Student: 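This is the structure I want to talk about, given as structure tokens.
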Number of protein chains: 2
Amino acid sequence: MAASTLAQVAQLAGVSPATASRVLNGSARIPGPEVAERVRSAANELGYVANAQAQSLARSSTGLIGLVVHDIADPYFSTLARGVQDYARGAGKMVLLASTNGTPSEEREAVAAFAARRAEAIIIAGSRSTQAQDQQANKELASEIQRYCRFGGSVAMVGATFPSLAEMPEVRVLKVPNFDQARELAQSLLRIGYTSFRIVAGPQGLVTSDHRVAGFHDALAQSGISSARVSRVEFSREGGYEAGLSIAAELQDQPSPSATGTECIFAVNDVMAMGVIAGLLERGVRVPDDVGVAGFDDVETLRDFRPSLTTAQLPLELMGAQAVALALGSIEDDPLRSVVGHVMLRGSTRSSETEQAT
Amino acid sequence: MAASTLAQVAQLAGVSPATASRVLNGSARIPGPEVAERVRSAANELGYVANAQAQSLARSSTGLIGLVVHDIADPYFSTLARGVQDYARGAGKMVLLASTNGTPSEEREAVAAFAARRAEAIIIAGSRSTQAQDQQANKELASEIQRYCRFGGSVAMVGATFPSLAEMPEVRVLKVPNFDQARELAQSLLRIGYTSFRIVAGPQGLVTSDHRVAGFHDALAQSGISSARVSRVEFSREGGYEAGLSIAAELQDQPSPSATGTECIFAVNDVMAMGVIAGLLERGVRVPDDVGVAGFDDVETLRDFRPSLTTAQLPLELMGAQAVALALGSIEDDPLRSVVGHVMLRGSTRSSETEQAT
DNA sequence: CTGTTAGCGCCTTCAC
DNA sequence: GTGAAGGCGCTAACAG
């Protein structure tokens, strides 16, 4: 670990450390053109690599950005991470990654670790949970964040926040149109002829899931439909799969199969929708012939899935970039601005033709 | 940015910084039980968070692990990243992420940045390129790595390395059975009755792609088949898609459609295979009825894809963990050990039934 | 068991 | 333009 130091370089070049420092990272004072060369070649000869830790300490600024996600292997988060990473590099920062499995306590640890490393900003992505069992951990997370902010750190959260955080003005939040897009998605589905709905949601209390459910319900209510059965399952492919299996069973037991083709299942995210479809297919229920399925997010890796998934698109990568910009203060925290999404009607729901025929 | 310091805590507690340090992170010397409490409450009161930068400097060890991947949004890398992250956390380390778009020069920058931050280990994933245009950048990457190693850093590469690096004994490499698994995959495909093959590969010179192609060819040659057409396209979904389109055209122009069902396309990774299938379908070629398709990697997000993809499974997450362990020296660098993969025959290739019928 | 003294490697006034 | 101090926050010998 005996990396060479600035002092060594300076000595080899026959100058003071101060001068060496000035040429090796361009300060205001411009060193002599010929001296500079000497220093540079000395540095090169010794294979000198500035110690960023020491630099950070000295100038008290680390160039580090912390990213907290539930699961980096999940396409939602990994796409977001790409946006974060790209933007960060553009701004000359490095990103520290923490994948927390979604537990608030691990998130707290991650924030604490980032704070210890004096990250300049922390991006927290992934849905909050308002479940009773998480209250305590949430509080602790909140106070960890608060402490971090109090000492000059800035944090941006992607999407919904939770009560304890709601009153923290230091925390920027990148608003994600979960409610609105779910609402629009429902409206689109109604427009193409669906008259009956089921919702496959995550556990109650998971904010993102709840907002999407609420938005969807809102649109239905507006159309006079009040009865969308909601299945609460794990917020994952597995959860969707199980929901798919049991819905298939229900559908097949149904005395009146008259509803065939007019019922649609809304899974609150694409990965769950995948599971739902897999479960349905496993039981012989066809999509979209027997029942339609819609997701949320528009995950790119699933683009070629058949039937292609009707979903609400979110600009994941852009969101990552914006979150960093927000935290860094590169863009203003305009309370009105929100990420913009788009409803994508595709093959997993009945086609427009069917609509016209209906 | 005025985080409180150890000195402040010490003062408030009425002890020396040394003592404060001892209680706040448990050194060998165990401070007095009652003094400890004073320090702890002082720290708590001030919201003290140790400055990891300063700690690293003082004890010259950072607890940082650098991960460089081509594209963190690609499921191959994000799954690997999960493994890296999990293992790292278990070992009490943090991971620094760099997503480089696969260009050697950006990889070099990433390694340099990690070296500057004094990361204890660097994991480099993603295929090398031996193309002429990359030679220079490769060399620079190699020397960057060399320098890093010379000063005590340890690096692990996942999968194939490249010439300039081959002679660097300091670099551990996690051997990935690209050749062998491609070979086994081909054998399995032959066994279920395919007699004619096409390969959709990445650009020539991309080591991973080349190895997979070579392994596949090897098995074919052993069975007396020497003519597998190889399409060279981009190493991505888009590349696969274009290959799919043109293969579809060729297949349809083919005077003798007798081969229907006995030809199989091997795409060198799952994401490309997705693209291939999409291209084929777009032109009305059915999979696996008209032609079989196989991929490589067994990406989890694509598990529910229909037809389910025949592929060679790689334990991506485990690989990430092993790479870290290897770099950290937690496991020996056994030149014989290799990651173990499995051929997964699934719906995108003809079923065994068809085989028996043939 | 606790306090003192030196640095870790670098940056940054401040004089020259 | 260049060098000489002092300090960033913490740890690690040393003494007591």
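Chain letters run A, B, ... following the sequence lines, proteins first, then strands; residues in each count from 1. The shown structure was predicted, so the numbers you read here are calculated from the model rather than taken from an experiment.
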Student: Looking at A:Gln133, I'd like to know if its CD atom is crowded, meaning that more than 12 non-hydrogen atoms belonging to other residues, nucleotides or ligands lie closer than 6.0 Å.
Tutor: yes
Student: Could you give the CD-to-P distance, from A:Gln53 to D:dG7, as a whole number of Å?
Tutor: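 After rounding, the gap between these two atoms is 23 Å.
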Student: According to a strict under-4.0 Å criterion, is A:Thr19 in side-chain N/O contact with OP1 or OP2 of D:dG3?
Tutor: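 It does, given that an N or O in the side chain of A:Thr19 lies less than 4.0 Å from OP1 or OP2 of D:dG3.
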Student: Hey, which of B:Thr103, B:Asp134, B:Thr208 is the one that makes side chain to side chain donor-acceptor pair (under 3.5 Å) with B:Ser129?
Tutor: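 Exactly one candidate clears the test, B:Asp134.
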Student: Determine the sole option in B:Gln322, B:Arg82, B:Gln85 for which the side chain to side chain donor-acceptor pair (under 3.5 Å) test with B:Glu317 is passed.
Tutor: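 For B:Glu317, the side chain to side chain donor-acceptor pair (under 3.5 Å) test succeeds with only one of B:Gln322, B:Arg82, B:Gln85, which is B:Arg82.
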Student: With nearest nucleotides of DNA chain C determined for B:Pro33 and B:Leu57 from heavy-atom distances, which residue corresponds to the more 5′ nucleotide?
Tutor: B:Pro33
Student: What's the separation between atom OG1 in A:Thr100 and atom CZ in B:Arg89, rounded to the nearest 0.5 Å?
Tutor: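 A:Thr100 atom OG1 to B:Arg89 atom CZ measures 7.0 Å (nearest 0.5 Å).
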Student: Output the rounded distance in Å from CZ (A:Phe151) to C1' (D:dG9).
Tutor: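 Going from A:Phe151 (CZ) to D:dG9 (C1'), I get 14 Å.
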Student: Side-chain donor-acceptor pairs under 3.5 Å in residues 139-147 of chain B, sequence neighbours left out?
Tutor:
| residue | atom | partner | partner atom | Å |
| --- | --- | --- | --- | --- |
| B:Glu140 | OE2 | B:Gln136 | NE2 | 3.1 |
| B:Ser143 | OG | B:Glu140 | O | 3.1 |
| B:Glu144 | OE1 | B:Arg108 | NH1 | 2.9 |

Student: Mind checking side chain to side chain donor-acceptor pair (under 3.5 Å) for B:Ser154 and listing every partner two or more places apart, or none if nothing turns up?
Tutor: none
Student: What is the separation between atom CG on A:Leu24 and atom P on C:dG9, rounded to the nearest whole Å?
Tutor: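 Taking atom P of C:dG9 as the reference, CG of A:Leu24 is at 16 Å.
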Student: Nucleotide by nucleotide, 5' to 3', does protein get under 4.0 Å of the base (B), only the sugar-phosphate (S), or neither (-) in nucleotides 10-16 of chain D, counting heavy atoms?
Tutor: BBBB---
Student: Check the distance between D:dG9's C1' and B:Gln8's CD and give it to me in whole angstrom.
Tutor: 10 Å
